[in-house]
Every structure is written in C-alpha cells, then in structure tokens.
Amino acid sequence: MVSLRSLFRASVSLALFTGTAGMAHAQSAVGQDERTGGNDADATGEDIVVNGSYARSLSAAAETKRRAAYGVDSISSTDIGKFPTQNVAEALQLVPGVAITRPRGEGLYVSVRGLGPQFQNTLMNGRTVALNDLIENGGAAGRQFRFEMLPAEFTSSIDVVKTPTADMSEGALGGNIDVKTFRPLDVGNRTTLNLRGTYTTQTEKVKPNATILTSARSADGSFGILAGAQYWGKAVRNDRFMNFGWLLDRYTAAAAGGLPTGLYSPTRTRPTVETEDRKRVSGIVSAQWRPTPELETTLDVIATRLDVAYDEFGLDIYPDDPGTSVVPGSVVRDGDTITRATINRVRFMASREYSLNRHDLLTIGLKQTWNPDRWHLSANVNWSAAHSFHPDYRTGTVRSRAVFNAPLTYDASGGYKVLPVFTTPVDPTVAANYTLYPFNIAPKDSKDWDSYSRVDVARDMGGVLAKLAAGAEYHWRKRDYFRRDYNVNPAANTPLTSLGAGAYEQMPFNDFLKDVGGAVPRNWLVPVTGAFVNAFFTPAVENAPLTLGDRRSSFVVTEKIAAGYLRADYELGMISGNVGVRYVHTDQVASGTLTSGTTATPASFPKTFNNVLPSFNLRADLSATLVGRLAASRVLTRPNVTDSAPRITVSTDAPTASGGNPELVPFLATQFDGSLEWYFAPSGLLSGAIFYKAMDDYITQQNLNIDIPGRGTVRLATQVNGGNAKVYGAEVAYSQVFTFLPAPFDGFGVQGSYTHTSVKADYTAGSRTIRDQLIGLSKNSFNLVGFYDKGPLSARLSYVWRDRYLAGTGSTVQAPTYVAPFGSLDGNLSIRVTDAVTLSLEGINLAGARQNSYNDDRLRFGEINYYGRTILFGARAAF
C-alpha cells in the first residue's frame with residue numbers, strides 16, 4: 001500500500017513545507033527546541049525555489065542542519081514517504097554516518113559513526129522511551145531500540161545529533177536520535193488514507209497494509225487534534241545457512257585423529273528456513289492548545305502492538321560432538337584451515353522452532369511551554385512501557401527435535417559465498433532414521449518501564465551572551481526479565497515414529513537457497529510443533545517449580561537518574577555557539593539469583609556513579625554560503641542491563657563464578673568534531689566532517705574479584721571496564737536538485753554520502769586480544785540516490801552499502817566472526833493521477849543481494865542469508 005509517509009508526500013507538504021522550504025523549516029528549527037539558541041537569520045536572503053516535494057524535503061533538511069547550534073543531520077517526512085521504508089530505521093540509513101542491520105530484510109537496529117546499536121540514545125519527541133527486548137530465541141538484548149516499533153507513517157522528521165549540548169539527555173556515544181511525530185497545528189485540516197499491499201518474493205504472498213491519519217484545527221488556529229491508526233502485515237521467509245564458528249584443535253587427540261595443533265574445523269552448522277507472519281497495529285493521538293503565541297500545551301500518545309509468529313525449519317549438523325574423529329587420510333588443509341575431511345560420527349538433528357512473539361509499546365507525553373517576553377519556560381513529562389512476551393507458554397520458543405548419527409564428508413574449499421559440500425549416507429527425509437531428542441519450551445517475559453520528567457528555564461540576554469539556560473531532569477527505568485526452560489527428556493533411543501505419523505512432515509520448501517552453489521542437504525524431515533507440545537508439555541511439566549537455571553536466567557535492574565545542566569549561548573559577529581555542563585547522578589540496583597550447587601540465593605547489588613559531562617559547540621558563518629563548526633564534549637553510554645544483571649553461577653568447590661557484573665560503570669568517551677558546510681545553491685549542499693572519540697572505559701571480557709553473600713570473595717569471569725578504544729573518521733555529504741537545467745530536466749537530482757571510520761583499540765575478549773576493531777564497526781559506508789521529482793511523476797533509485805564488520809570476537813578456541821560487505825538497491829515510482837490520489841510502486845533489495853558472514857579467514861564459511869525482494873504497491877488519497 002502507499003505508505004502514509006508516501007501519503008504525506010502530498011499532504012504533509014500542506015503545512016510542513018508551505019511557501020518556501022527555507023521559511024517553513026526555519027520555524028520548525030526554532031519551535032522544535034526552545035533551547036537551541038541557533039541563529040535564525042537567513043544567511044543568504046534567498047527564497048528556496050524547488051519543484052517536487054522530495055526536493056523540498058532535501059532543502060528543509062539542509063535548513064535544519066544550517067540553522068542548528070550543534071552538529072545534526074535531519075530527514076523530513078517527505079524523505080521517509082518518498083523511499084520504500086518499512087520503518088524509521090530504513091529511513092535513517094540515508095543519513096551520513098548511519099548504518100542499519102536488516103535481519104530477515106527488516107530494518108531493526110541503527111548504528112552511528114561505527115558504534116553499535118547499544119551506543120545510541122533514541123528519543124521520541126525529545127523524550128526517552130521504553131525498550132522492547134529480544135525474546136524470539138536468544139538472550140536479552142539490552143539497550144538497543146527496536147525501530148520496527150515505530151511506523152514511518154507517523155513520523156514527521158528525525159534528527160541525528162552528533163555533537164550534543166548540555167541540555168540533551170545523556171546516553172549516546174554514537175548519536176542522539178530524536179524521532180518526531182506529526183502535530184495537528186502543523187498539519188492543519190487534513191485526512192489521508194493509504195492502502196497498499198506488501199509482496200515478498202520468497203513467500204509469494206501479499207499482505208494488506210492500511211493507514212489513516214486525520215487532523216483538525218480550530219478556526220482561530222489555537223487548538224488542534226490529530227489521530228491515526230495503522231494495520232501493517234508482512235509475510236517473511238529467510239533462507240539461512242548458519243555456522244556457529246570454527247574450532248581450534250578439535251582433532252588433536254589420538255582418539256580424534258591425532259592432527260597437528262593450530263588447525264580450525266567447522267562446528268555446529270544448520271541449513272534452515274525461517275518464516276515470519278508479522279502483524280502490527282499502531283495508533284497515534286496528538287493534541288495541541290495554543291491560546292496565545294506564548295503559551296502552548298502538547299499531548300502525544302503512541303501505541304503499537306507487533307505480533308511475530310516465527311516458525312523455523314532446520315537441520316542441525318554437529319561435527320564436534322564428543323567421540324567424533326576424522327578419518328585418516330581424508331584431511332585437506334589450506335593454511336590453518338581444514339577445508340575437507342570425513343568425520344566418522346556426526347549428529348544430525350531435525351529441528352522445528354516456533355514462537356509467537358508479542359511486543360507492546362505505549363508512550364504518553366505531555367509538554368507545557370510558556371515564552372513570555374524574553375523568558376522560555378517548559379515542563380515535560382513522559383511515561384512509557386514496553387512489554388515483550390509470549391501470550392501463551394505453549395508458544396514460548398518451542399523446540400521440537402529428533403536425531404540420527406551418521407558419517408559426514410565436507411568440502412569447504414569454495415569459500416564463504418557458496419555452500420560447502422556435505423555428503424552423508426543416511427537419508428534425512430526418512431522418519432525411521434530418527435530418534436527423539438530432548439524437548440524444550442523457553443518462554444520469556446521482558447517488561448521495561450521508563451518515566452521521564454524535566455523542567456527548563458532560559459532567558460534571552462542579548463549581546464555576546466545571547467542566552468542562559470538551566471534545567472533539571474529525573475529519569476526512572478526498570479527492566480524486569482523473566483525466563484524459564486521446560487525440558488523433557490524422552491527415553492534413550494525412542495523412535496520418532498512412536499509419536500505417530502502426525503508428529504512429522506516433509507520439509508515444506510523445495511527450493512532452499514536454490515541460486516547458491518554447493519551441496520548441503522536442501523530437504524529434510526521436520527517435526528510438527530503441535531504434536532510435540534501435546535505429547536510432552538503435560539500439566540505436570542507446565543506446573544513444575546522453577547529450576548535453578550530458571551532463577552539464574554531472570555533478573556531486575558532499576559535505574560534512578562537525576563541530572564541538571566547549565567548552558568550559555570554566545571554570539572560574537574560571525575561566531576556563535578554554546579558552552580555548558582551536565583551533571584548526572586545514577587543509582588542502580590541489579591537484582592537476581594546466585595546459584596551454588598543446588599542452593600539459590602537472591603541478591604541485590606546497589607551501584608552509584610556520578611558523571612560530569614561538559615560540552616562546547618562553535619558555529620562560524622564564514623560567508624553567506626559557508627558554515628564551519630567545531631565541537632567537543634564528554635559523553636557516556638550506560639552498560640547493557642543484561643551485562644549488569646547478577647546472573648551469577650558460583651562453583652561449589654572453588655572460589656570462582658561466571659555471569660553478569662553489577663559493578664560495571666558506564667562507557668565514557670571524549671569526542672571532538674569539526675565540519676564545513678557549503679550551501680552552494682538554494683537546493684544544493686556539500687558538507688564534510690571529521691570526528692574523533694576517545695573511549696576510556698570500554699567494557700571487555702575479563703575476570704575480577706567480587707564479594708558474594710555467604711561465600712566471601714570469589715573470582716568472577718564476566719565483563720569489566722578498562723579497555724581503551726579510539727574511533728576517528730570523516731563524512732562527506734552532497735545533495736542537489738538540478739534546477740539549472742531546462743524543463744523538464746530540472747526535476748532531476750542526486751543525494752549521497754560517504755563515511756570512513758577507523759579505530760585504534762586494544763582490549764581483551766576472553767583471553768583473546770582484540771586490536772583495532774570494535775563489534776559492529778564498518779570502516780566504509782555510503783549511500784547514493786538519484787531521483788526525478790516534478791509535476792505528477794516522482795521516481796527514485798537508491799543504493800546503500802556498508803563494509804564488513806566484526807560481529808563476534810571469538811575466544812581462545814574459536815575464530816572471530818565477520819559480516820561481509822552488503823548493499824541494498826531500493827526504488828520508488830509514484831504518479832499523481834489527480835490532485836488527491838497518487839499511485840505508487842516501491843521495491844526493496846531489487847538486486848536480490850544476499851547477506852554473508854565468515855570466520856576470520858574468508859575460506860571459512862559462516863552464514864548465508866537470503867530474504868528476497870519486497871514489493872509494495874498501492875494508492876494514497878488526501879482530503
């Protein structure tokens with residue numbers, strides 16, 4: 001369906017970009033934050049005259065960047081509406097320095113300037129927001145915001161702040177990402193309706209999408225209310241060949257083959273098909289009351305429910321099971337990699353994993369501003385709750401499995417872009433070959449609450465000291481994570497057929513990675529989830545008491561954060577900017593369960609830390625078209641709540657333990673930025689920036705001594721502060737509408753950016769020393785967009801690419817994992833058939849790119865993911 005973001009291509013231009021783009025966004029730049037202290041004078045005195053709405057959005061984003069008192073890149077609603085974006089993350093990938101991850105083809109997490117998702121601070125309308133967690137199959141994710149919870153259709157603009165000021169909420173070493181939703185006094189009297197279908201080539205299914213948004217404003221313009229709703233569906237299929245790592249010295253023992261030391265061989269491998277049935281229902285309500293120009297009250301309410309029915313069909317292959325050995329004479333080596341071998345006994349496990357994952361998010365915010373004469377006062381409160389859970393324990397990550405043992409010959413000499421060759425004499429599609437394997441259900445329940453309140457007061461001073469501002473903020477957050485595992489062990493060697501023919505079926509897909517070379521099993525038997533649940537998840541199992549493992553997996557972490565700031569804005573001729581300091585006091589309590597043998601002990605660990613965060617921003621209007629900036633600041637990111645949780649297991653016979661570390665303190669960094677921006681035409685921008693971040697409290701994997709109730713001092717294998725890393729790089733961005741060309745060619749334009757990031761790092765992961773790498777950091781990334789936007793026709797083609805990055809540090813016995821370079825070609829075509837109706841066709845991953853990973857050496861295969869292409873088509877109407 002035509003997204004409301006696309007829908008607002010016509011409708012949002014109604015107020016957000018009425019008149020000249022520069023004039024409209026000049027007001028937005030002032031109104032979005034009374035504390036910016038930016039210079040609102042038009043540097044050129046020229047009106048910005050452009051043709052299409054997308055071109056106006058580029059000009060508007062450039063004006064936001066130009067007028068801001070700090071380093072920021074902005075993207076407007078028309079940017080989002082004009083690209084085939086399923087959510088906010090996919091819109092952000094066009095911002096310089098921003099990269100996203102797309103598991104199964106859906107933008108989910110955002111990285112800024114090479115720092116991973118946990119280092120970003122995501123705000124909604126300037127307020128902190130609760131976080132939904134990973135519950136599908138793995139452990140808790142921590143502080144990463146799941147951008148799939150925010151419909152792009154509700155979003156008016158996004159700011160990515162790279163040089164913070166003292167008044168901004170702390171929490172980002174990468175960037176402050178502020179997502180702003182539509183407001184009625186901006187939109188006016190307008191109703192928009194989007195109807196479209198989402199087709200994915202892997203599933204060959206079309207799912208309906210519908211969005212409606214209506215806004216009304218009183219005749220005198222003092223009161224407005226906006227309401228909207230969305231239903232969004234999508235069917236997903238991802239063909240995935242997984243490898244869980246390459247082991248060092250697996251076959252050195254005489255009984256295992258007696259190979260020389262220093263050789264790597266593959267561990268657990270899984271060809272698998274992942275499917276999702278995704279349904280998202282979202283609603284928005286916004287109300288504004290502006291009885292006088294000085295007084296304004298704003299209410300924002302957003303709610304989302306996302307249901308993801310996940311069903312996975314896999315065949316796990318374990319060449320590293322105890323008792324396995326290589327056949328003499330079968331080994332072929334390439335350097336330190338065993339590229340070919342025959343293994344005498346390998347476990348093959350047909351697995352079916354199902355979970356119904358529900359994610360709820362509710363946020364309610366209220367803001368009051370009063371701007372009498374030269375004063376600016378505001379009060380802001382927000383409450384949000386995120387809940388990620390399985391509605392029924394019977395759908396809480398159900399793992400149904402059956403196994404057989406057989407020899408395996410593998411050949412991995414083809415490299416990581418193709419499948420290896422796996423051959424075995426036993427047919428994985430025959431039920432009689434399998435016996436039952438332990439059955440598992442692992443329900444998870446993650447609750448996250450976020451309460452936010454702040455007051456600000458500022459006064460325009462005039463002269464060199466242009467403005468003084470001060471404020472205070474209180475932030476309370478709680479994460480309550482619960483997991484338990486129900487395990488049922490069938491009698492040894494129980495045939496799969498004992499459950500009856502209804503307990504298994506043939507693989508429902510016959511084209512697994514059909515365009516990828518190699519020869520792994522592409523068809524196998526799969527369990528039927530319902531039959532396994534009925535056979536093993538009896539009332540006695542369901543009502544069994546919590547185990548030690550269940551208690552150890554669950555935790556509660558609360559944070560109480562009090563902050564205050566002072567900020568002074570200055571102006572001296574062509575120089576302006578701000579200087580300030582922010583003080584942050586954090587009280588954290590991490591509660592969980594310590595286990596020692598059969599004894600479980602509840603424990604809570606309080607932790608207090610104080611941080612002083614100075615900041616400085618300087619802006620120089622070097623000419624009517626040239627702006628230079630310098631900035632310096634001290635920034636922090638708090639540890640992941642999963643790392644701080646005391647999920648600790650204590651040895652029964654030694655003073656050692658393993659698990660989380662409640663003694664962790666925040667990541668800290670000192671950062672410097674410099675940039676030059678050339679606004680060479682009313683619709684043209686060329687900018688460059690350099691940045692440097694020195695992290696002096698990087699969290700790494702090591703050992704430390706910790707006091708355990710009842711046991712005294714023990715040595716804990718966990719994560720600790722102490723690593724050092726320096727991130728530095730440069731960004732270049734360019735955008736221009738070719739208005740100088742004769743009609744109709746004056747509708748053509750181009751937009752692009754390139755980011756290079758390097759790192760100097762020296763830290764320990766396990767006992768492995770990691771140098772000059774950080775998880776999630778790509779050294780190079782770029783995006784390039786060509787578009788035509790004039791009259792009733794709008795067309796765009798974009799390519800977004802990021803370099804390889806480190807995904808896992810490995811250990812003393814496992815090689816590090818890298819994600820290979822990846823690029824996505826996306827496009828959009830829309831035609832306005834009447835003043836009110838627009839038809840659109842959009843495509844994602846048009847080139848059908850696959851995502852690959854590898855282990856250390858590119859000869860060592862890792863993962864291959866293929867989720868196909870996504871096509872969106874529909875109509876938008878504006879009334």
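We use all heavy atoms of the structure for the numbers below, so side chains are in, but hydrogens, waters and symmetry mates are not. Because the structure is a prediction, the values reported are computed rather than measured.
In this structure, Phe782 has its ring center closer than 6.0 angstrom to the ring center of Trp801.
With sequence neighbours left out, Asp515 forms a side-chain hydrogen bond (donor to acceptor under 3.5 Å, both in side chains) with no residue at all.
Val110 approaches Ile100 most closely through the heavy-atom pair CG2-CG2, 4.1 Å. Nearest heavy atoms, Asp803 versus Pro821: OD1-CG, 3.7 Å. Between Ser215 and Gly188, the shortest heavy-atom distance links the atoms OG-O, 2.6 Å. For the residue pair Thr304 and Met149, the shortest heavy atom distance occurs at OG1-O, 3.2 Å. Counting all heavy atoms, side chain and backbone alike, Pro184 lies closest to Ala216 at CB-O, 4.3 Å. Contact between Pro744 and Tyr788 at its shortest, heavy atoms only, is O-OH, 2.8 Å.
Using a distance-only test at 3.5 Å, with no hydrogens or angles considered, a donor-acceptor pair links the side chain of Tyr679 to the main chain of Arg66. Side chain of Arg869 to backbone of Leu846: a donor-acceptor contact under 3.5 angstrom is found. A distance-only check finds a donor-acceptor pair linking the side chain of Gln120 to the backbone of Gly175 [under 3.5 Å]. Between the side chain of Glu276 and the backbone N or O of Lys234, no donor-acceptor pair lies under 3.5 Å. Judged purely by atom type and a 3.5 angstrom limit, Asp220 uses its side chain to pair as donor or acceptor with the backbone of Ser222. Side chain of Ser76 to backbone of Ala61: no donor-acceptor contact under 3.5 angstrom is found. Between the side chain of Ser853 and the backbone N or O of Glu863, at least one donor-acceptor pair lies under 3.5 Å. A donor-acceptor contact shorter than 3.5 Å links the side chain of Ser683 to the backbone of Val737.
Taking the six-membered ring where the residue is Trp, Phe748 and Phe745 present parallel rings, their angle staying beneath 30° rather than reaching 60°. Aromatic ring orientation, Trp678 versus Phe680: tilted (interplanar angle from 30° to 60°).
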Next item on the list: Using the side-chain contact (heavy atoms from CB on, under 4.5 Å) rule, take Asp300 and Thr363 through it: C-alpha gap first, then chi angles, then the decisive distance, then the call.
Entry: CA-CA 8 Å; Asp300 299 297; Thr363 177; over 6 Å; no

Check: Passes salt bridge (charged side-chain N to carboxylate O under 4.0 Å, His left out), Arg280 versus Glu148? Steps please.
Finding: CA-CA 9 Å; Arg280 184 178 67 203; Glu148 63 187 350; over 6 Å; no

Check: Stepwise, does the side-chain contact (heavy atoms from CB on, under 4.5 Å) test hold for Ile831 with Leu793?
Finding: CA-CA 5 Å; Ile831 300 175; Leu793 179 64; 4.1 Å; yes

Checklist line | Trace of the side-chain contact (heavy atoms from CB on, under 4.5 Å) decision for Thr275 with Phe509 | finding: CA-CA 11 Å; Thr275 67; Phe509 311 101; 3.8 Å; yes

Next item on the list: Verify side-chain contact (heavy atoms from CB on, under 4.5 Å) between Val95 and Asn783, making sure each step is shown before the conclusion.
Entry: CA-CA 8 Å; Val95 172; Asn783 62 72; over 6 Å; no

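Between Asn845 and Thr870 the shortest side-chain heavy-atom distance does not fall below 4.5 Å. Looking at heavy atoms from C-beta onward, Thr200 lies out of side-chain contact with Tyr867 at the 4.5 angstrom threshold. Side-chain atoms of Lys514 and Tyr866, non-hydrogen and from C-beta on, never get closer than 4.5 Å to each other. At a threshold of 4.5 Å between non-hydrogen side-chain atoms, the residues Asn194 and Gln230 do not count as touching. Residues Thr214 and Phe879 form no side-chain contact, since every pair of their non-hydrogen atoms from C-beta on lies 4.5 Å or further apart. No side-chain heavy atom of Lys205 sits less than 4.5 Å from a side-chain heavy atom of Tyr199. You'll find the side chain of Asn125 stays beyond 4.5 Å of the side chain of Lys367, heavy atoms only. The shortest side-chain heavy-atom distance between Arg183 and Leu185 does not fall under the 4.5 Å cut-off.
For the atom pair CD1 of Ile284 and CZ of Phe182, the computed distance is 8.0 Å after rounding to the nearest 0.5 Å. The line from OG of Ser798 to CG of Leu825 is 7.0 Å long, rounded to the nearest 0.5 Å. Taking CG of Asp746 as the start and CG of Asp789 as the end, the distance is 11.0 Å to the nearest 0.5 Å. In this structure, the separation between NZ on Lys279 and CG on Leu306 is 11.5 Å, given to the nearest 0.5 Å. Between Asp178 atom CG and Arg127 atom CZ the span is 9.5 Å, to the nearest 0.5 Å. In this structure, Phe154 CZ and Thr211 OG1 are separated by 6.5 Å, a value rounded to the nearest 0.5 Å.
Side chains of Thr163 and Arg629: no donor on one and acceptor on the other come within 3.5 Å. Residues Thr298 and Glu296 have side chains that bring a donor and an acceptor to within less than 3.5 angstrom of each other. A donor-acceptor contact closer than 3.5 angstrom is absent between the side chains of Ser830 and Arg832.
Salt bridge annotation for Asp159-Lys180: present, with a cationic side-chain nitrogen under 4.0 angstrom from a carboxylate oxygen. Using a 4.0 Å cut-off between a side-chain N of Lys or Arg and a carboxylate O of Asp or Glu, Arg104 and Glu106 do not qualify as a salt bridge. The pair Asp239-Arg237 meets the salt-bridge criterion, with a side-chain N (NZ, NE, NH1 or NH2) lying under 4.0 Å from an Asp/Glu carboxylate O.
Within a 6.0 Å sphere centred on CD1 of Ile690, other residues, nucleotides and ligands contribute 12 heavy atoms or fewer.
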